[in-house]
**Student:** 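Structure provided below as structure tokens; questions to follow.
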Amino acid sequence: MNRMWAIVERELRKFLRSPALMLVSMVFPLIQLIILGNAFGGKTQNAKLGVVDQDGGVQALKVREAFDSVRATVRTFEPVYYQSEKQAVQDVRNGKIDGALVIPPQFSRRVYQQEQPRIALVVDNSDNFMSSSLEQKMAELTQALNDPQVEPRMLQHIALETVELYPYIEYMKYLLPGSITLAMFVSVMIGGGMLYIDDKARGVHEGYLVTPITKLELILGLNTAGAIKAVAAGIVITVVGSLLAGVGGAFHPDQAALLIVLIVVTSLAFNAMMFLMMVRVEDPLVPRATFGVLNTLLFFPSGSIYPIKAFPKWLQGIAIADPFSYAVHGFKALLLKEAGLAAIWPDLVFLTVFAAVMLAIAVPLFKRTL
């Protein structure tokens, strides 16, 4: 029995000497509760809705006043006024706004003459949660406009027509961008950060240190190797996932080229982030223990499963700094919307700068010693 308790004592001492493991084991359930509890089921707020007023009459002004009332009260959306319907629809396609309302010419005259006045709502149905929220709120506004408020009562019968930019998008297609991003992150965790820590634990890295290779060359070599593995995982999941989900845009030459660029940049950003996090870690158990925390903290706030506009403010702040958010947005634009470079260039810029900053911080922290 004494020998058995000696083993127990040894393992407990090892655990107590690793504060990171203790912290992760206690904090992870709380992080999961907080993040998942706030990442699903929230009400959409501050969505950007373009408004194109081609009428300019009194009734069109009432519609705009109703929009301003929504912005001041429930804040489901914020109106962004456009002069051109074409530009508004293009901005919906590129993700700059979440939808667009078009008030057609002669709208006010049709209201007064009761000639079936109509307004059109253009929605980005690649995000069914967001488009459903906008449709519901616009239906409520249309009903409120139709309710007579003064005597003699005049029934307006304004109709709302919803225009979906894309064919029906199944939830499996909606999840595909997040799955690609997660696959690259897992590849970076296993093939990047963890392998280096394991090499240190086994003494393999001593072989690097006896060579004349510089610290910068060693860091760039390790990160390039990890990024190549993540690129391979991203390409495989993109091809197989697109075939399973029925997403044909991934196989168009122009889209495929942009997808490869996005996969490469995302892989570099993820690998640089993980390398910085593991640059001073010695215990090989730490990266394995932190995987669940990082997965929860980065994946779920990224908008891959539920729209960011439905998150509370503090969780939206995490999403803004989360490289997952930009990767998921870029993959959605290319795979679901078949958009071009104009839709993803901000994502590419952020991920590139993010990778450069992570590497710039990691280089001075890296110890080229045993």
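Because only heavy atoms are used, hydrogens play no part in the values below, and waters and symmetry mates are left out as well, while side chains stay in.
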**Student:** Nearest 0.5 angstrom please: Ser302 OG to Leu297 CG, how far?
**Tutor:**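 Atom-to-atom, Ser302:OG and Leu297:CG are 11.0 Å apart.
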
**Student:** When rounded to the nearest 0.5 angstrom, what is the spacing between CG in Leu334 and CG in Leu341?
**Tutor:**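 Here the rounded value is 9.0 Å.
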
**Student:** Can a donor-acceptor pair be found, under 3.5 Å and without considering hydrogens, that links the side chain of Glu78 to the backbone of Lys48?
**Tutor:**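 Here the side-chain-to-backbone pair does not exist.
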
**Student:** Tell me whether the rings of Phe270 and Phe185 are parallel (<30°), tilted (30 to 60°) or perpendicular (>60°).
**Tutor:**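 Plane angle over 60°, so perpendicular.
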
**Student:** Got a list of side-chain donor-acceptor pairs under 3.5 Å for residues 353-366, not counting sequence neighbours?
**Tutor:**
none

**Student:** Apply the side chain to side chain contact (heavy atoms under 4.5 Å, CB included) test between Ser267 and each candidate in Val264, Val265, Ile263; give the one that qualifies.
**Tutor:**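 Result: among Val264, Val265, Ile263, Ile263 is the only option passing the side chain to side chain contact (heavy atoms under 4.5 Å, CB included) with Ser267.
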
**Student:** Please examine the side chains of Ile308 and Ser325, heavy atoms only from C-beta on, and report whether any two atoms are closer than 4.5 Å.
**Tutor:**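 A side-chain contact under 4.5 Å exists here.
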
**Student:** Test side chain to side chain contact (heavy atoms under 4.5 Å, CB included) on Leu348 and Val261 and set out the steps.
**Tutor:** CA-CA 8 Å; Leu348 295 175; Val261 171; 4.2 Å; yes

**Student:** We want to know whether Arg109 and Gln106 form a side-chain donor-acceptor pair, criterion being a heavy-atom distance below 3.5 angstrom.
**Tutor:**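 Yes, because at least one side-chain N or O of Arg109 sits under 3.5 Å from a partner of the opposite role on Gln106.
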
**Student:** Between Val58 and Tyr112, does a side chain to side chain contact (heavy atoms under 4.5 Å, CB included) hold up when you go through it step by step?
**Tutor:** CA-CA 10 Å; Val58 175; Tyr112 291 127; 3.6 Å; yes

**Student:** Give a yes-or-no answer on whether the side chains of Tyr82 and Asp53 include a donor-acceptor pair shorter than 3.5 Å.
**Tutor:**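 The criterion, which ignores hydrogens and geometry beyond distance, is not satisfied for Asp53 and Tyr82.
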
**Student:** Looking only at side-chain N and O atoms, does Ser108 offer a donor or acceptor that is under 3.5 Å from a partner on Asp55?
**Tutor:**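 There is such a pair (donor and acceptor under 3.5 Å, judged by atom type) between the side chains of Asp55 and Ser108.
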
**Student:** Same cluster for Phe324 and Tyr306 if Ile/Leu/Val/Met/Phe/Trp/Tyr side chains link at under 4.5 Å?
**Tutor:**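 Yes: a chain of side-chain contacts under 4.5 Å links Phe324 to Tyr306.
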
**Student:** Verify side chain to side chain contact (heavy atoms under 4.5 Å, CB included) between Asp98 and Val92, making sure each step is shown before the conclusion.
**Tutor:** CA-CA 6 Å; Asp98 301 294; Val92 175; over 6 Å; no

**Student:** Is the closest side-chain heavy-atom distance between Leu49 and Leu121 below 4.5 Å?
**Tutor:**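 Side-chain contact under 4.5 Å: yes.
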
**Student:** Decide yes or no on side chain to side chain contact (heavy atoms under 4.5 Å, CB included) for Tyr326 and Ile320, but give the supporting numbers first.
**Tutor:** CA-CA 8 Å; Tyr326 300 89; Ile320 292 174; 3.9 Å; yes

**Student:** With no hydrogens and no angle check, is any side-chain donor or acceptor of Gln255 less than 3.5 Å from a backbone partner on Ala339?
**Tutor:**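 Judged by distance alone, yes, a pair lies under 3.5 Å.
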
**Student:** Check whether any side-chain heavy atom of Phe299 lies under 4.5 Å from a side-chain heavy atom of Thr181, and answer yes or no.
**Tutor:**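 Of all side-chain heavy-atom pairs linking Thr181 with Phe299, none is under 4.5 Å.
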
**Student:** Of all heavy-atom pairs between Thr266 and Met184, which one has the smallest distance, and what is that distance?
**Tutor:**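 Scanning both residues completely, I find the closest heavy atoms to be CG2-CE, 3.6 Å.
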
**Student:** Enumerate, atom names and distances included, each donor-acceptor pair closer than 3.5 Å involving a side-chain atom of residues 232-241, sequence neighbours excluded.
**Tutor:**
| from | atom 1 | to | atom 2 | distance (Å) |
| --- | --- | --- | --- | --- |
| Thr238 | OG1 | Gly234 | O | 2.6 |

**Student:** Roughly how far apart are Glu85 CD and Leu101 CG, rounded to 0.5 Å?
**Tutor:**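 Separation between the atoms: 10.5 Å.
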
**Student:** Tell me whether Met172 shares a hydrophobic cluster with Leu243, the cluster being built from Ile, Leu, Val, Met, Phe, Trp, Tyr side chains joined at under 4.5 Å.
**Tutor:**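 Per the 4.5 Å side-chain linkage, Met172 and Leu243 are not co-clustered.
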
**Student:** Can you tell if the side chain of Pro104 reaches within under 4.5 Å of the side chain of Arg118, non-hydrogen atoms only?
**Tutor:**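 When only atoms from C-beta onward are counted, Arg118 and Pro104 do not touch, as no gap falls below 4.5 Å.
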
**Student:** Ignoring hydrogens, what is the shortest heavy-atom contact between Pro323 and Leu351? Give both atom names and the distance.
**Tutor:**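 Taking Pro323 first and Leu351 second, the nearest heavy atoms are O-CD2, 3.7 Å.
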
**Student:** Keeping to residues at least two apart or across chains, list the side-chain hydrogen bond (donor to acceptor under 3.5 Å, both in side chains) pairs with something in residues 329-342.
**Tutor:**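 For residues 329-342, and leaving out neighbouring residues, the side-chain hydrogen bond (donor to acceptor under 3.5 Å, both in side chains) pairs sorted by first residue read Asp124-Lys337, Tyr174-Lys332, His329-Asp347.
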
**Student:** When rounded to the nearest 0.5 angstrom, what is the spacing between CG in Asn271 and CG in Leu276?
**Tutor:**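 Output value for this atom pair is 11.5 Å.
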
**Student:** Working to the nearest 0.5 angstrom, can you tell me the gap between Ile103 CD1 and Ile119 CD1?
**Tutor:**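 Here the interatomic distance stands at 6.5 Å.
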
**Student:** Report whether Phe107 and Leu61 are members of the same hydrophobic cluster (ILVMFWY, side-chain heavy atoms less than 4.5 Å apart, transitive linking).
**Tutor:**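 No; Leu61 is not reachable from Phe107 via cluster members.
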
**Student:** Can you tell me how far apart CG (Asp322) and CG (Leu298) are? Round to the nearest 0.5 Å.
**Tutor:**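 Between atom CG of Asp322 and atom CG of Leu298 there are 5.0 Å.
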
**Student:** Of all the heavy-atom pairs spanning Pro177 and Phe331, show the shortest one and how long it is.
**Tutor:**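 Heavy atoms only, the tightest pair is CB-CB, 3.5 Å.
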
**Student:** Quick one: closest heavy-atom pair of Leu335 and Ser242, and the distance?
**Tutor:**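 Closest heavy-atom pair between Leu335 and Ser242: CD2-OG, 4.1 Å.
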
**Student:** Contact between Val52 and Gln54 at the side-chain level, heavy atoms closer than 4.5 Å - yes or no?
**Tutor:**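 Counting from C-beta outward, Val52 and Gln54 do come under 4.5 Å.
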
**Student:** Treat each ILVMFWY residue as a node, draw an edge where side-chain heavy atoms are under 4.5 Å apart, and state whether Met273 and Val328 are in one component.
**Tutor:**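 Hydrophobic grouping puts Met273 apart from Val328.
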
